[in-house]
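Every value quoted in this text rests on a predicted model; they were computed, and no experiment measured them. These numbers come from the heavy atoms of this one structure, side chains and all, not from hydrogens, waters or symmetry mates.
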Amino acid sequence: MSALRALRQLTASSSRSLAARATLRAVTRSALAARVAPVSASRAFSVSARRLGEGASDAALSQRLAEELKYEKEATPAEEPEFLTTFKKNSPWTIQDTPGMDEVALVRKFGNEEIRLIFSIADIQNEQEPEFEEGEEGVEDGAEDAEASLPPYPLRCSFSFTKPSTPGALTIDAMCQDGTFVIDNISYYSDAKVGTDLTVEADWKRRGYYLGPQFDTLDISLQDEFDKFLAERGIDSTLAFWVPQYAEYKEQKEYVSWLKNVRDFVDA
C-alpha cells in the first residue's frame with residue numbers, strides 16, 4: 001500500500017506542476033514585458049528590414065520568444081527523468097513517440113497478441129483549473145493537503161489487440177484518471193485494419209460499426225473478468241500512473257520545440 005500511495009502522490013504532484021508551470025509562464029511573460037526596453041519604431045524597422053522580415057514588430061517578437069525559450073529550457077531537466085529511465089529498463093512496453101506529433105503509442109507482445117496503447121497530450125492543454133466557491137479564497141488551513149488530494153487530469157486512451165491467427169481486432173476506449181483506466185466500451189472489428197489503422201478512411205468506416213455496449217452496463221462479474229484480462233497484460237494502475245507523467249513530460253518538450261521553431265521562423 002505504501003508504494004501505491006507514493007505513486008499517487010507522485011502523480012498528483014505531476015498534475016499540480018503542470019498548472020504551476022502554466023502560472024509561471026504567465027508571470028514570466030509579465031515580468032519580461034516590464035524588463036525588456038521598448039524598441040523605437042525607427043530602430044525596429046531598420047533591424048527587421050536587414051535581418052528579419054518586413055514587419056517592424058519582428059525584432060521585439062523574436063526577443064520575447066528567445067526570453068521565453070531560455071526560461072523553459074532552464075526549467076526543463078537536461079537529463080532523462082528517472083521515471084522514464086526506469087520504465088524503459090523494466091517495462092515490457094516500447095514507446096513510439098514522434099517529435100512534433102501530439103499522440104504517443106505504447107506497444108508490446110503478449111503471447112501471440114500485439115497490444116497497442118495510444119494517448120494524446122492534447123488533453124493536457126484542455127485541462128482547466130479547479131473552480132472554488134466564493135469565499136474560499138481565504139481558507140489556508142489544510143489547503144496543501146486538499147491540493148495534494150486533487151485527482152490527476154484525465155487522458156483519453158485507446159487500446160487495440162490483434163492476433164496473427166485471426167483477421168479481427170479488439171479495441172478498448174478508456175479514460176486514464178486517478179491511477180486507473182476507466183473503460184468506456186469494448187469493440188470488435190472483423191477486419192483488423194479497420195479497427196486499428198489511423199487513417200481517415202478507416203475512421204470513416206468505424207463510424208458505421210457497432211461499438212459494443214457501455215462497459216458499466218455489463219454484468220459486474222463480466223466487468224471483473226475484463227479487468228483481470230487487462231491486468232494480466234500489464235494494463236494496470238502502474239501503467240495508469242505512468243501515462244500522465246509521460247504526457248506532461250512530452251508536452252513540455254513539444255512546447256520548448258515550438259518556441260524554438262517559431263523564433264527561427266520569425267528570424268529567417
> Out of curiosity, Met175 CE to Arg156 CZ, how far, rounded to the nearest 0.5 Å?
Replying inline: 6.0 Å
>> One pair to check against salt bridge (charged side-chain N to carboxylate O under 4.0 Å, His left out): Arg233 and Glu113. What are the steps and the verdict?
In response: CA-CA 10 Å; Arg233 287 156 175 76; Glu113 297 175 6; 2.8 Å; yes
> Looking only at side chains, do Gln252 and Thr76 share a donor and an acceptor under 3.5 Å apart?
Replying inline: yes
> How long is the span from the OG atom in Ser187 to the CG atom in Leu170, to the nearest 0.5 Å?
Replying inline: 8.0 Å
> How long is the span from the CG atom in Leu222 to the CZ atom in Phe229, to the nearest 0.5 Å?
Replying inline: 12.0 Å
> Is the closest side-chain heavy-atom distance between Leu155 and Gln177 below 4.5 Å?
Replying inline: no
>> Working to the nearest 0.5 angstrom, can you tell me the gap between Leu239 CG and Phe87 CZ?
In response: 6.0 Å
> Trp242 vs Tyr246 aromatic rings, parallel, tilted or perpendicular, using cut-offs 30° and 60°?
Replying inline: parallel
>> Could you walk me through whether Asp264 and Lys260 satisfy the salt bridge (charged side-chain N to carboxylate O under 4.0 Å, His left out) test, starting with their C-alpha distance in whole Å, then the side-chain angles of each, then the deciding distance to 0.1 Å, before giving a yes or no?
In response: CA-CA 6 Å; Asp264 290 348; Lys260 180 181 182 304; 2.9 Å; yes
> Considering only heavy atoms from C-beta outward, does the side chain of Ile118 approach that of Leu106 to under 4.5 Å?
Replying inline: no
> Is the shortest distance from a Lys or Arg side-chain nitrogen in Arg64 or Glu68 to a carboxylate oxygen in the other one below 4.0 Å?
Replying inline: no
> Closest approach of Gln223 and Asp216, non-hydrogen atoms and distance?
Replying inline: NE2-O, 3.5 Å
>> Testing the basics here: between Ile172 and Ile186, what is the closest heavy-atom pair and its distance to 0.1 Å?
In response: CG1-CG1, 3.8 Å
>> Do Thr94 and Arg108 make a side-chain contact, defined as non-hydrogen atoms from C-beta onward lying under 4.5 Å apart?
In response: no
>> So that I can tick it off, tell me whether Lys88 and Glu80 are bridged by a salt bridge, with the cut-off set at under 4.0 angstrom between side-chain N and carboxylate O.
In response: yes
> Just checking, Arg263 and Phe265: is the charged tip under 6.0 Å from the six-membered ring centre and within 45° of the axis?
Replying inline: no
> Do you know the tightest heavy-atom contact between Ala192 and Thr162?
Replying inline: CB-CG2, 4.2 Å
> Between the main-chain N or O of Met101 and the side-chain N or O of Lys250, is there a donor-acceptor pair closer than 3.5 Å?
Replying inline: yes
> Looking only at atom types and distance, does a side-chain atom of Thr180 sit under 3.5 Å from a main-chain N or O of Val182, one as donor and one as acceptor?
Replying inline: no
> Quick one: are Asp267 and Asp58 in side-chain contact, heavy atoms under 4.5 Å?
Replying inline: no
> Do the non-hydrogen side-chain atoms of Phe215 and Phe226 ever get within less than 4.5 Å of each other?
Replying inline: yes
>> Is there a side-chain contact between Ile115 and Val107 in this structure, where contact means two heavy atoms from C-beta onward sitting under 4.5 Å apart?
In response: no
>> Quick check for you: to the nearest 0.5 Å, what is the distance between Leu117 atom CG and Cys157 atom SG?
In response: 5.0 Å
>> Regarding Asp219 and Ser221, do their side chains bring together a donor and an acceptor under 3.5 Å, going by distance alone?
In response: yes
> Which atom names give the shortest non-hydrogen contact between Ala174 and Phe181, and what distance separates them?
Replying inline: CB-CB, 4.5 Å
>> Just so I know, are the side chains of Pro244 and Cys176 near enough to count as touching, which here means a heavy-atom distance under 4.5 Å?
In response: yes
>> Just by distance, no angles: are the side chains of Thr171 and Asp173 close enough, under 3.5 Å, to form a donor-acceptor pair?
In response: no
>> Pairing donors with acceptors under 3.5 angstrom, does anything connect the side chains of Glu103 and Ser120?
In response: no
> Are any side-chain N or O atoms of Asn185 and backbone N or O atoms of Leu211, one a donor and one an acceptor, separated by less than 3.5 Å?
Replying inline: yes
> What distance do Leu84 atom CG and Glu79 atom CD have between them, rounded to the nearest 0.5 Å?
Replying inline: 12.5 Å
>> Whether Glu67 and Lys70 form a salt bridge (side-chain N of Lys/Arg under 4.0 Å from carboxylate O of Asp/Glu) is what I want to check.
In response: no
> So, does Thr86 use its side chain to make a donor-acceptor pair with the main chain of Phe83 at under 3.5 Å?
Replying inline: no
